[in-house]
Amino acid sequence: MASNFMSVQERRIATLSGHFRGAAAVEEELLQRFPTMAMAPSVFEHVQQAPEDPILGVTVAYNKDPSPLKVNLGVGAYRTEEGKPLVLNVVRRAEQQLVADRSRNKEYQPITGISQFNKLSAKLILGANSPAIAENRVATVQALSGTGALRVGAEFISRHYAKPIIFLPNPTWGNHNKIFPLGGVPQKPYRYYDPKTRGLDYEGMLEDLKAAPDGAVILLHACAHNPTGVDPTEEQWEGIRQVIRSKHQLPFFDCAYQGFASGSLDKDAHAVRLFVADGGECFVAQSYAKNMGLYGERVGALSVVCTNAAVASRVDSQLKLVIRPMYSSPPAHGAAIAATILADGRLFQEWTVELKGMADRIISMRQQLYDALQARGTPGDWTHVLKQIGMFTFTGLNKSQVEFMTRQYHIYMTSDGRISMAGLSSKTVPHLADAIHAAVVGAQRKS
Amino acid sequence: MAGAMAARSSRRFMSTASKSWFGHVQPAPKDPILGVTEAFLADSHPDKMNVGVGAYRTDEGKPLVLECVRKAEEKIAGSNFMEYLPMGGDISFNNHSMKLAYGEDAGVLADKRVAAVQALSGTGACRLFADFQKRFMPESQVFIPVPTWSNHHNIWRDANVPQNTFRYYDAATKGLDFKGLMEDVKKAPNGSVFLLHACAHNPTGVDPSPENWKEISAFFKEKGHFALFDMAYQGFASGDTERDAQAIRIFLNDGHQIACAQSFAKNMGLYGQRVGCLSVVCDDPQQAVAVKSQLQLIARPMYSNPPLHGALLVSTILEDPELKSLWYKEVKGMADRIIGMRETLRTNLEKAGSQHSWKHITDQIGMFCFSGLKPEQVDRLTKDFHIYLTRNGRISMAGITTSNVEYLANAIHEVSKN
C-alpha cells in the first residue's frame, strides 16, 4: 500500500533540495506530492531528552555491556546463587490457585483496592495484636508498591496537613527526592550516615530533628536503610521516637524490606510498632516488591494510623480523592496473590521460610565479600560490610573508584558506592573483591 | 521490653498523642460514578439493577472474563518472572497498542516517530498526558467536551492545567451540537489542547460522523489545535476496531500530530488490571525518544514502573493470531449484545406507550445511553424502582439484560410520562 506519508528520509531530501530552489516552490511541490504531510513543526519541538534515572540507568548500561564478566549490582532486585531472578514458590502456588479459579473475574477494584489485602497488610506491619487495628483507627489503601504509597501519602499531606514539609535522611533512596516535591511536599535533609564510621550519625540525627520545625514530617526507613544499610539500634529508635513525639512531628515510615532485613517479619517491624504503641499518629508505606518478589506487579499499601476511628474514616475518604484522578483504582493481580498468601496459614508459614532463605543468602554474601577483602589484604576497615543490614552495602567507594570498577571490571553499581548484595553470588564475589581491591589500592597510589 | 518503655514514655505524651493531626479533615464526597455501585451493593431489593458504572455484563447480568484472556493467562501463568518493567512499560505491549490505535501500516509507526508508554489504563494515560502538558505546554489550556466522563475534570485539575469546555451534546436533539462545537473550536486560542473522545462518547454515546470528523480535523489545522484522543472503547462501539478508530485515522491522514490515551479495560475486559497506553506523535524518532524519556520522568515519582500482568495478557493476545482472532470475535459479541439491548429497550419503551421519542437510544453508540432523564427523575428511578445510575441520566447499556429490559422500560416510562 502506497503510503501517504513522507518518510524521514524523503523529508530530509526535500529539505536539502529546497536549498537549491525557492522555498515557496518547494513547499508547493511537497504539498502536491504529500498532501497530508504536517507542515507545522511539533508542539514538542523544545522537549529535551531526559537524563537516565540514576538507579534504573545502571541496568540499562549493564545490558549494553557485552563482557561475560559483567556483574549487575545496581537495582535492588533479588538474584539467586545462579544469578537468576526468583519467583517464590508460594507466589507461584497462589497465582496458580487464582488462575484456576474460574469464579474469579477481572472487575474494577474499589478505589482503595482489595479490602482483604489492606487489612492483612496493616496486620503484617502493625502486628496481629495492634491496638490501632483493634480500635479501627488505621486507614489503609492498596497502592502501586512503595513508590505509589509514598506518592499518595505525599499528595494527601500536601492537601491536609498543617506542616507539609518533609525531612529526609541523608542519604536516601533517590526517588524520595522527586516523589515528595512532586506530590506537593518540599523536602530538607537530616543527618543520618556518618562516612567516618560508616554507621549512624545518631547525635547528628537527633540534633537535626530537634532543629526541624515542630510538626514537620519525618521520613524514616523502617529497616534496612536504602542505600546505606545502616539502621538505628532499638535503644536509638526509642531516642528518636522521644524527640519526634516531643516535637509533635509526623513520622512517615518507608517499609520496603520487612522480613528481608533480619529474616524476621516481626523484628523488622520493631520501629514502626514502637511508634504506634505510644498512641501517636504515623504514615506507613509498605512494599511487597522485594519480600514477596512481586516487583513488577506493583504491590504495596499506604496505612495512616490516626488517633481515632472517625478520623481514620474521613482520611480514607480523602485518600480516594487523591487516587481517582491518578489511576482510578489499583491493579488487582499482584495484590490478590499477596492477599492469598497472607490469608492462608500454610502459605504464610512457607513464605516466612522462603523469605528467611533470601535474607540468609544475602547475609552469607556479606560474609563472603568481607572474607575475600580480608584475604586480599585490601586496605581499610571493611566491617561495615558485615554490620550493614538488608539488600545494600554502602561501600564507601567514591564516584571515580566506581567508574574505574565499571570500566575495568564491568561492575555495575550506582555512583554513590552502593552495591546490591542480592546481585552477588559465590561465583562473582571474587571478581568484585578484585575490583574493590584494585580501586582502593589505585586510589591510595594516586594519593 | 520496648513496648513497656514506650508505654512509660507515652504517658508523658498522652495528651499530645491523643490529638489528631487530621481531626480537621472533612469527609470527601463520594465519587459520582463509583458511588452508584456502592449504593447498589448496599440495596437488598430483588429487582435492583445497576446501570451505573460502565463495566460489561453478560445477558445473565454477570461480569465476563473473555475466553482469549483466560487462554492468555493459562499461557503465561507460572512461566514468567515478575521483574520490574522499564518505566515506560513493556515495549512489546506498547508496539501492539500503537498498531491497534494507529493502524498496522501507519506511516507514523513506520517512521518510528510515536512516543508510547504503558499507563495505568485510561485514567493513568490521561494523567500522564496532563502532567506532561503542564510541564511542556505550560501556557496551554485543555478544552473538555460538555458533558464528559467526570474524572476528566479531576485529572486536569490535579495536574494544575487550566480547563475550559467546548459544546458537544445537544439536549434538544439528544445528538451532536456540531455548530456549537465548531464555534467553540474557533473561539479557543490557537494551539489549544482539545480532549476528544475517539468513539462511543462517554456519557452521551453521541459520536461525530466521519464527515463531521473531517471538518473538525480541517478546522483544527487552521487553528493549530492539538488533539488528545481518549479511546476507551475501540472495538466495543461498532464491533470493528478499525471503524472505531476512524477519527484517529482521519486526523493522521490530515497530518496532525496527535496523542492517544488508550484503555484495554472494556474492550479486553481487563478492568482491574489497569492496562493502557499513552502515545504521542512527534516530528521524528529523536523527538519521540525525548518525549518518551520525559513521560518516564513523570511516571517514576508516581509509581516507578507500570504493572506487569495486564500488559503481558494484552501482548500475548495480540501477537498470537488465534488469540487475536478470538478477541475480535469476542469484542464484536459484546458490541452486538449492547446494540441488541438498545433496540430492545427502545421497542419496549414504545410498547409501554411512551409519548417521547426514544430514537436516540438506537442512534447513540457504545456502552452508554444518555437517556435525557432529569436528576429528579433519576432519583425516582432509584428510590421507587431500585435502579441505579448516575444523576446525569446516563444508562450503562451493559447492565441491561433480556430479563430486566422490560422492567427498566416500564420504570423509565413511569418516571417520564408527565
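Per chain, numbering begins at 1; letters A, B, ... match sequence-line order.
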At a 4.5 Å cut-off on heavy atoms, which part of Gln273(B) comes close to chain A: side chain, backbone, both, or neither?
both
Approximate separation, where rounding is to 0.5 Å, of Arg273(A) CZ and Asn129(A) CG:
9.0 Å
Between Ser304(B) and chain A, with a heavy-atom cut-off of 4.5 Å, which part of the residue counts as in contact: side chain, backbone, both or neither?
both
Pick one of side chain, backbone, both or neither for Pro86(B), based on which atoms fall under 4.5 Å of a heavy atom in chain A.
neither
Would you say the side-chain atoms of Lys223(B) and Asn190(B) include a donor-acceptor pair closer than 3.5 Å?
yes
Chain B contact via Lys320(A) - side chain, backbone, both or neither, heavy atoms under 4.5 Å
side chain
Would you please classify the geometry between the Phe220(B) ring and the His225(B) ring as parallel, tilted or perpendicular, with 30° and 60° separating the classes?
perpendicular
Select one option (side chain, backbone, both, neither) describing which atoms of Gln296(B) are under 4.5 Å from chain A's heavy atoms.
neither
Regarding Lys62(B) and Glu107(A), does a basic nitrogen lie under 4.0 Å from an acidic carboxylate oxygen?
no
Pair count under 4.5 Å, heavy atoms only, with chain B: among His160(A), Arg102(A), Gln96(A), highest is Arg102(A)
If we define contacts as heavy-atom pairs under 4.5 Å, which of Arg151(A), His333(A), Gln48(A), Arg93(A) has the most with chain B?
His333(A)
Looking only at His176(A), Glu95(A), Gln109(A), Lys178(A), the option with the highest number of non-hydrogen pairs under 4.5 Å against chain B is Glu95(A)
Part of Gln318(A) lying under 4.5 Å from any heavy atom of chain B
both
Chain A heavy atoms under 4.5 Å from Val65(B): which part of the residue, side chain, backbone, both or neither?
side chain
Given heavy-atom pairs under 4.5 angstrom as the criterion, report whether the side chain, backbone, both or neither of Leu88(A) touches chain B.
neither
N-O pairing of Asp254(B) and Lys221(B) below 4.0 Å:
no
Would Val275(B) and Leu313(B) count as a side chain to side chain contact (heavy atoms under 4.5 Å, CB included) here? Give the steps.
CA-CA 9 Å; Val275(B) 200; Leu313(B) 290 176; over 6 Å; no
Consider only side-chain N and O atoms of Arg298(A) and Asn305(B), and report whether a donor and an acceptor are under 3.5 Å apart.
yes
Heavy-atom cut-off 4.5 Å, strictly under: side chain, backbone, both or neither for Asn175(A) against chain B?
side chain
Does any heavy atom of chain B fall under 4.5 Å from the side chain of Leu182(A), the backbone, both, or neither of them?
side chain
Name the region of Glu155(A), side chain, backbone, both or neither, that has any atom closer than 4.5 Å to a heavy atom of chain B.
side chain
At a 4.5 Å cut-off on heavy atoms, which part of Pro181(A) comes close to chain B: side chain, backbone, both, or neither?
neither
Residue, of Leu144(A), Val47(A), Val87(A), that accumulates the most heavy atom pairs under 4.5 Å with chain B:
Val47(A)
Parallel, tilted or perpendicular: ring planes of Phe129(B) versus Phe132(B), cut at 30 and 60 degrees
tilted
Toward chain B, the part of Val91(A) with a non-hydrogen atom under 4.5 Å
side chain
Heavy-atom cut-off 4.5 Å, strictly under: side chain, backbone, both or neither for Arg92(A) against chain B?
side chain
With the threshold set at 4.0 Å, does a side-chain nitrogen-carboxylate oxygen contact exist between Arg241(A) and Asp278(A)?
yes
Between Ile55(A) and chain B, which part of the residue has a heavy atom less than 4.5 Å away: side chain, backbone, both or neither?
side chain
Which region of Phe226(B), side chain (C-beta onward) or backbone (N, CA, C, O), has a non-hydrogen atom less than 4.5 Å from a non-hydrogen atom of chain A, or is it both or neither?
side chain
Using non-hydrogen atoms and a 4.5 Å limit, figure out which bit of Ile76(B) sits close to chain A: side chain, backbone, both or neither.
neither
Taking Arg159(A) first and then Asp158(B), would you say they form a salt bridge - that is, a charged N and a carboxylate O separated by under 4.0 Å?
yes
What part of Val280(B) gets within 4.5 angstrom of chain A, counting heavy atoms only: side chain, backbone, both, or neither?
side chain
Only pairs of heavy atoms separated by less than 4.5 Å count here; which of Ala332(A), Pro331(A), Ala143(A) has the most with chain B?
Pro331(A)
Heavy-atom distances under 4.5 Å only: say whether Ser145(A) touches chain B with side chain, backbone, both or neither.
neither
Greatest number of non-hydrogen atom pairs under 4.5 angstrom with chain B, of Leu150(A), Val311(A), Thr59(A), Leu86(A), falls to Val311(A)
Salt bridge Asp214(A)-Lys247(A), side-chain N to carboxylate O under 4.0 Å:
yes
Between Gln133(B) and Ser140(B), is there a side-chain donor-acceptor contact under 3.5 Å, judged purely by atom types and distance?
yes
Among Lys292(B), Arg157(B), Lys30(B), His24(B), who wins on heavy-atom pairs under 4.5 Å with chain A?
His24(B)
His46(A), part contacting chain B, at a heavy-atom distance under 4.5 Å:
side chain
With the threshold set at 4.0 Å, does a side-chain nitrogen-carboxylate oxygen contact exist between Arg135(B) and Asp131(B)?
no
Could you walk me through whether Trp156(B) and Val193(B) pass the side chain to side chain contact (heavy atoms under 4.5 Å, CB included) check?
CA-CA 12 Å; Trp156(B) 268 269; Val193(B) 174; 5.7 Å; no
Indicate yes or no: does Glu83(B) engage Arg79(A) in a salt bridge with an N to O separation below 4.0 Å.
yes
